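Read through the structure below, which is laid out as structure tokens, and then see the notes.
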Number of protein chains: 2
Amino acid sequence: MDLLNKKCIFGAIKMYFMFSLSEENYLKAIFHLQNSYKNGVSTNALAEEMQTKASSVTDMIKRLSEKSLVNYKKYQGVKLSEAGRAAAIEVIRKHRLWEVFLVEKLNFNWDEVHEVAEQLEHIKSEKLTAELDRFLGFPQRDPHGDPIPDSEGNFSVPNRVLLSELKMDETGICVGVKDSSTEFLQYLDKNNISLGATVKVKQKEDFDQSMLIEMNDNELMISNQISANLYIKTT
Amino acid sequence: MDLLNKKCIFGAIKMYFMFSLSEENYLKAIFHLQNSYKNGVSTNALAEEMQTKASSVTDMIKRLSEKSLVNYKKYQGVKLSEAGRAAAIEVIRKHRLWEVFLVEKLNFNWDEVHEVAEQLEHIKSEKLTAELDRFLGFPQRDPHGDPIPDSEGNFSVPNRVLLSELKMDETGICVGVKDSSTEFLQYLDKNNISLGATVKVKQKEDFDQSMLIEMNDNELMISNQISANLYIKTT
DNA sequence: TCCATTTTTTAGTCTTGTCTAAATATATTT
DNA sequence: AAATATATTTAGACAAGACTAAAAAATGGA
Ligand SMILES: [Mn+2]
Ligand SMILES: [Mn+2]
Ligand SMILES: [Mn+2]
Ligand SMILES: [Mn+2]
């Protein structure tokens, strides 16, 4: 092993905790997919998520497995180890903190932050992350309503449901988006749907699940594709 | 040419202005070395600056030359093209803006910012750079007194001399450091030498150029190694 | 159970950026 | 002008991370 010979801006000491940009992205993707793939994330799912080929995924999984960041048995899918989970959460923490920074301090709209945060999340400096967190006032949620892990990796799983699950006449507060794509967020902006606003389901169509909602004294008809991507805290 | 096939977070449009982390670091290094190597930066000088081998430098120079970022003839050293110079200045602009951010907003000391800025300078987002600049109030100098290029790449070459060039009884204001290493900056902190302070040369030793200076009602003996790394604006 | 389809892995190639060792060009002495 | 020393380039190898094509394993009917 010549791990210690690798160049590292922090010197040799922290070597074992440092991962490449690509490794970090895979860890993050596995973390997110583990919600849907409880007993092992499949190679194809990971390839889809990473916008790459299954063979590339297999290669990377082997490397991550070699470093004990994932548990992997051939053809059995992959799961994060404790170390892998911790590394993934650290990257997610940075991603979301930077998103808050971009929106709160640099006049970015919530639909513009993701791709820049994808770059910033890989900056390596414990002090930077800690100070950024403090500078932002230890935010609990990112601009899309997702929880921000603290420096220990702890975060509260938000108590929320999808708007599509609400029944007629139920109300709640819009607290997050499931889809953070530019397209979806721009649709929401255009239709005055924003986090923090109160929603009421005025009508619900059995056939296609489309619903008429009320928001800020405004009525709006939305399809299931929309309501299934909005998180609501019921009141 | 399959430039357009490369993955790029901005899509294909900006391809021709995007360079790899390594390419950017080489461009920056050449830019800095051009001050001392007016008629071409030598391979060895570049290898020394980049902490790598001469053969690796030759390889990279060929790639940069292929992309018209440098002008290169075998054995003749290398010079930045206009495009290469512009790219280098853009990276330096980002580096210095981030250094200001770290010191002004995130409680970093001026001896801690460099290695983090080395990472942040490669983040690609025009909006991010522009907004960071605005957020910081369009600073003219970084924490080490170096000029920050504006969005057009223009910067004022500061009117300053080295403290070592001052004669007995001359005074000035300390406006920058030539060496930004942690070690040097910590020495300065320890001895209460900071940018903005007034200096007076009280004595100068002909033999070794060491000098006795006065700063904030304090007298201090410094060697030539120190005085040759402090920039002074004479008053 | 056996066949067909899908999923996953392997084998071999490519690019970027690095390295060592060897060859060649330039510079400095004598 | 040689001879020597130094600087630079070439040749060949390697690692990370991607790809394509082909092989092998798992899965889901009939
Ligand atoms: Mn995001
Ligand atoms: Mn987000
Ligand atoms: Mn710096
Ligand atoms: Mn600086």
Side-chain angles (χ1 to χ4, degrees), chain A residues 1-9 15 18-30 33 36-37 39-67 69-79 118-119 122 124, chain B residues 1-9 15 18-30 33 36-37 39-67 69-79 118-119 122 124:
Chain A
M1 283 280 234
D2 64 337
L3 267 181
L4 290 172
N5 288 327
K6 283 200 181 173
K7 281 182 191 170
C8 166
I9 55 167
M15 272 318 305
M18 299 224 355
F19 313 108
S20 76
L21 184 145
S22 203
E23 288 169 336
E24 289 187 345
N25 284 335
Y26 272 92
L27 292 174
K28 206 172 38 138
I30 298 167
L33 288 170
S36 336
Y37 294 77
N39 33 350
V41 176
S42 75
T43 304
N44 268 358
L46 204 37
E48 163 77 22
E49 177 83 9
M50 293 293 297
Q51 303 264 61
T52 187
K53 304 292 171 180
S55 55
S56 307
V57 170
T58 304
D59 285 349
M60 178 56 91
I61 285 175
K62 283 176 179 169
R63 279 193 291 271
L64 294 176
S65 181
E66 197 59 44
K67 296 186 180 185
L69 293 168
V70 298
N71 298 118
Y72 169 63
K73 263 178 284 178
K74 275 189 192 177
Y75 298 98
Q76 301 303 119
V78 75
K79 286 181 197 179
E118 283 293 311
Q119 299 176 64
H122 303 290
K124 269 121 185 127
Chain B
M1 283 278 236
D2 65 337
L3 267 182
L4 290 173
N5 288 326
K6 283 200 181 174
K7 280 183 192 171
C8 169
I9 55 167
M15 274 317 306
M18 301 225 352
F19 313 110
S20 75
L21 185 144
S22 203
E23 287 170 338
E24 289 187 345
N25 283 335
Y26 272 92
L27 292 173
K28 205 172 40 136
I30 297 168
L33 288 170
S36 336
Y37 294 79
N39 33 351
V41 176
S42 75
T43 304
N44 267 359
L46 203 38
E48 163 77 23
E49 177 82 9
M50 293 294 298
Q51 302 265 60
T52 187
K53 303 292 170 178
S55 55
S56 306
V57 170
T58 303
D59 285 348
M60 179 56 91
I61 285 175
K62 284 177 180 169
R63 281 193 290 270
L64 295 175
S65 181
E66 197 60 42
K67 296 186 180 184
L69 294 169
V70 299
N71 298 116
Y72 169 63
K73 264 178 283 181
K74 274 187 192 176
Y75 299 98
Q76 300 304 119
V78 74
K79 286 181 196 179
E118 282 294 311
Q119 298 177 66
H122 302 290
K124 270 122 185 128

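Naming: A, B, ... by sequence-line order, numbering from 1 per chain. Computed from a prediction, not measured in an experiment: that's the story for all the values here.
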For the base of D:dT9, is there a side-chain donor-acceptor partner from B:T43 under 3.5 Å away?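 Result: no qualifying N/O pair found.
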Can you list the residues that meet the side chain to side chain contact (heavy atoms under 4.5 Å, CB included) rule with A:Y75, with sequence neighbours excluded?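 Partners of A:Y75 by the side chain to side chain contact (heavy atoms under 4.5 Å, CB included) criterion come out as none, since no residue qualifies.
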Please name all residues satisfying salt bridge (Lys or Arg N to Asp or Glu O under 4.0 Å) with [X], sequence neighbours left out, ordered by chain then number.
X	value
A:K79	none
B:E49	none
A:E118	A:K28

Between A:E48 (CD) and C:dT8 (C1'), how many Å, whole number?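 Result: 16 Å.
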Want to settle it: does A:L21 or B:A45 sit nearer the 5' end of DNA chain D, counting the closest nucleotide to each?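 Its nearest nucleotide lies further toward 5', so the answer is B:A45.
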Contacting residues from residues 56-65 of chain B, given that a heavy atom lies under 4.0 angstrom of DNA chain C: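 B:S56, B:D59, B:M60, B:R63, in order of number.
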Polar atom pairs between nucleotides 23-29 of chain C and protein, under 3.5 Å, N or O only, would you list them?
unit_1	atom_1	unit_2	atom_2	d
C:dA25	O4'	B:Y75	OH	3.3

So does A:N44 get a side-chain nitrogen or oxygen closer than 4.0 Å to the phosphate oxygens (OP1/OP2) of C:dT6?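 No, no such contact exists.
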Examine C:dT18: is either OP1 or OP2 under 4.0 Å from a nitrogen or oxygen in the side chain of B:S22? Give yes or no.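 Indeed, a polar side-chain atom of B:S22 lies that close.
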Sub-3.5 Å donor-acceptor pair from the side chain of A:K62 to the main-chain atoms of A:Y72, do we have one?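 Side chain of A:K62 to backbone of A:Y72, a donor-acceptor pair under 3.5 Å: no, none is there.
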Touch check for B:S55, heavy atoms < 4.0 angstrom, all strands: base, sugar-phosphate only, or nothing?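 Base, at least one base heavy atom under 4.0 Å.
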